[in-house]
Amino acid sequence: MTLVMILMGSISDEETVRPCAELLKKLGIPFGIAVSSAHRTPVRTEALVREAEGNGCRVFICAAGMAAHLAGAVAARTLRPVIGIPVTASSLGGLDAVLSTLMMPPGFPVATLALDKAGARNAAWLAAQILALNDEVLASRLKEERAALTRGVEEASRRLEGTFGA
Ligand code: RP5
């Protein structure tokens with residue numbers, strides 16, 4: 001069973017995608033991960049989508065840089081939600097990937113997140129939130145994760161106040 005399939009356009013995207021995979025793992029969500037390029041391996045991309053769907057995949061996460069068409073290519077081949085992570089990989093600073101991932105035609109949405117690791121983290125969050133609609137155990141895990149983020153801010157503030165406060 002693979003509830004989430006992560007695809008990246010190149011092995012050079014691995015470090016960017018790592019926080020996504022780590023959070024899915026922490027949340028106990030079974031996922032697959034593979035390299036496939038919209039342009040360099042279109043047949044492989046199609047086969048991976050079919051295979052992932054056959055294994056129960058509910059959400060696809062696609063990371064790519066430059067003319068980042070991987071998420072769109074996957075969206076063209078599935079009705080499952082597709083989340084896109086644009087990756088900074090060129091002298092255009094990632095805007096190329098943001099726009100390539102974002103500007104999909106009607107009927108083929110890609111939920112396009114922030115650039116790079118910030119987007120990778122939120123891709124795991126968003127996939128988990130989608131899955132949690134039908135999974136109360138996962139929903140309560142997400143509540144705990146949110147509470148931990150809240151506590152982190154409060155603790156950081158207390159430390160800061162302890163250092164500089166009157
Ligand atoms: C995209 O081009 C990949 O997703 C990567 O972000 C970028 C550069 O790929 P490599 O030249 O490192 O393989 O297709």
Side-chain angles (χ1 to χ4, degrees), residues 1-133 138 141-142 145-146 149 152:
M1 170 74 83
T2 300
L3 290 181
V4 176
M5 186 67 198
I6 304 175
L7 296 174
M8 63 195 86
S10 168
I11 194 64
S12 65
D13 300 322
E14 181 187 359
E15 268 313 298
T16 302
V17 173
R18 186 177 295 277
C20 176
E22 286 174 350
L23 184 53
L24 291 175
K25 199 168 182 179
K26 183 179 180 192
L27 292 170
I29 296 171
F31 65 95
I33 188 162
V35 178
S36 195
S37 164
H39 308 115
R40 290 175 282 194
T41 61
V43 175
R44 174 178 163 76
T45 299
E46 164 119 31
L48 284 168
V49 171
R50 290 283 82 78
E51 188 185 328
E53 284 194 345
N55 289 334
C57 176
R58 308 288 295 278
V59 183
F60 288 88
I61 296 175
C62 302
M66 300 179 74
H69 296 138
L70 181 59
V74 170
R77 288 167 172 81
T78 186
L79 280 170
R80 314 276 156 98
V82 178
I83 300 169
I85 307 167
V87 176
T88 304
S90 81
S91 49
L92 294 181
L95 187 58
D96 45 355
V98 170
L99 297 179
S100 304
T101 307
L102 178 69
M103 294 303 290
M104 289 295 293
F108 300 86
V110 169
T112 304
L113 302 188
L115 270 167
D116 301 329
K117 290 191 175 186
R121 268 189 292 273
N122 268 351
W125 267 99
L126 184 54
Q129 287 176 241
I130 292 168
L131 295 171
L133 290 170
L138 180 56
R141 250 180 246 149
L142 289 179
E145 284 296 318
R146 277 268 174 102
L149 293 176

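Computed over heavy atoms, backbone and side chain alike; hydrogens, waters and symmetry mates excluded. Order of listing sets the numbers, starting from 1, for every ligand and every atom in it.
Salt bridge annotation for E15-R18: present, with a cationic side-chain nitrogen under 4.0 angstrom from a carboxylate oxygen.
At a threshold of 4.5 Å between non-hydrogen side-chain atoms, the residues E145 and K26 count as touching.
Contact atoms of ligand 1 toward A89: 6 (O), 7 (C) (distance under 4.0 Å to a heavy atom of the residue). If you number the atoms of ligand 1 from 1 as listed, the ones under 4.0 Å from a heavy atom of G9 come out as 3 (C), 4 (O).
For a threshold of 3.5 Å applied to N or O pairs, the pair formed by S37 and ligand 1 contains no separation below that value. Distances between N or O atoms of M66 and those of ligand 1 include no value under 3.5 Å.
Nearest protein heavy-atom neighbour of atom 14 (O) of ligand 1: R40 NH2, 3.4 Å. Of the protein's heavy atoms, S10 OG, 2.7 Å lies nearest to atom 13 (O) of ligand 1. For atom 12 (O) of ligand 1, the nearest protein heavy atom (residue, atom name, distance) is S12 OG, 2.7 Å. Closest protein heavy atom to atom 5 (C) of ligand 1: D13 OD1, 3.3 Å. Scanning the protein for heavy atoms near atom 1 (C) of ligand 1, the closest one is G65 O, 3.4 Å.
Residue contacts with ligand 1 for A64 involve both N, CA, C or O and side-chain atoms from C-beta outward (heavy atoms, distance under 4.0 Å).
No donor-acceptor distance shorter than 3.5 angstrom exists from the side chain of R77 to the backbone of E46, with no hydrogens or angles considered. In this structure a side-chain-to-backbone donor-acceptor pair under 3.5 Å is present from D116 to T88. With hydrogens and angles disregarded, a donor-acceptor distance shorter than 3.5 Å links the side chain of R80 to the backbone of C57.
No more than 12 heavy atoms of other residues, nucleotides or ligands shown are found within 6.0 angstrom of CZ on R146. Heavy atoms from other residues, nucleotides or ligands lying under 6.0 Å from CG of L133 number more than 12.
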